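Nothing here was measured: the structure is a model prediction, and the numbers come from that model.
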Amino acid sequence: MPYIDHSDIRMPAPVDRRSERYFVSSAQGAESLTIKEVQIDPGWEGRMHVHNTDVSMQVTSGAIQAIIGDEVRTVRAGTTLLCPPGTPHKLVNHLWTPAVLLFTYPTNEPQTSFLE
């Protein structure tokens, strides 16, 4: 069983106000799991999209506006968002501090289909 030290995986420089690093993926030998940490800087707005699997998004620091289906909420650290397969969603950071989220997918090949 591999041990993954998060401090060994550097967060790359942001591209378009967003950066991500993978903790668990096929690169580490996972057959059915992907876990990544994403930092979303102020001013970033994602595009509405869906995934082919469940996705869990845990807000670990900061706050983020989440649009899931028809519901819009600003959520803070300590909140987990759940999107079942095919549920339209996007994230927006209109605040002045970065938000950090931990994304979990029950597959080593998450697929995204953009709706906008």
Where do [X] and [Y] come nearest, in terms of heavy atoms and distance?
X	Y	value
Arg18	Val38	NE-CG1, 3.8 Å
Ser7	Asp5	OG-OD1, 2.6 Å
Pro12	Ser19	O-CB, 3.3 Å
Thr34	Pro110	OG1-CD, 3.6 Å
Gly86	Pro88	O-CD, 3.3 Å

Side-chain (Arg17) to main-chain (Gly43) donor-acceptor, under 3.5 angstrom: yes
For residues 93-109, which side-chain N or O atoms pair as donor and acceptor with protein atoms under 3.5 Å away, sequence neighbours left out?
| residue | atom | partner | partner atom | Å |
| --- | --- | --- | --- | --- |
| Asn93 | OD1 | Leu95 | N | 2.9 |
| Asn93 | ND2 | Ile40 | O | 3.0 |
| Asn93 | ND2 | Thr97 | O | 3.0 |
| Thr107 | OG1 | Glu109 | N | 3.1 |
| Asn108 | ND2 | Ala30 | O | 3.1 |

Validation: residues 21-28 side-chain donor-acceptor distances under 3.5 Å, sequence neighbours left out:
| residue | atom | partner | partner atom | Å |
| --- | --- | --- | --- | --- |
| Arg21 | NE | Glu37 | OE1 | 2.6 |
| Arg21 | NH1 | His6 | O | 3.1 |
| Arg21 | NH1 | Ile9 | O | 2.5 |
| Arg21 | NH2 | Glu37 | OE1 | 2.7 |
| Tyr22 | OH | Glu20 | OE2 | 3.2 |
| Ser25 | OG | Ala27 | N | 3.2 |
| Ser25 | OG | Gln28 | OE1 | 2.8 |
| Gln28 | OE1 | Ser25 | N | 2.7 |

field: Interatomic distance, Met48 atom CE to Ile68 atom CD1 [nearest 0.5 angstrom]
entry: 9.5 Å
Inter- and intrachain pairs under side-chain hydrogen bond (donor to acceptor under 3.5 Å, both in side chains), touching residues 79-90, at least two apart: Glu45-Lys90, His49-His89, His51-His89, Lys90-Glu116
field: Linked, directly or transitively: Val50 and Leu91 (ILVMFWY side chains, under 4.5 Å)
entry: no
- request: Indicate if Trp44 and Leu81 have the same hydrophobic cluster label, given that clusters are the connected sets of ILVMFWY residues with side-chain heavy-atom separations under 4.5 angstrom.
  value: yes
field: Whether over 12 other heavy atoms sit under 6.0 Å from Asp16 CG
entry: no
task: Go through Val72 and Gln65 one step at a time and tell me if the side chain to side chain contact (heavy atoms under 4.5 Å, CB included) criterion holds.
output: CA-CA 7 Å; Val72 179; Gln65 183 181 61; 3.6 Å; yes
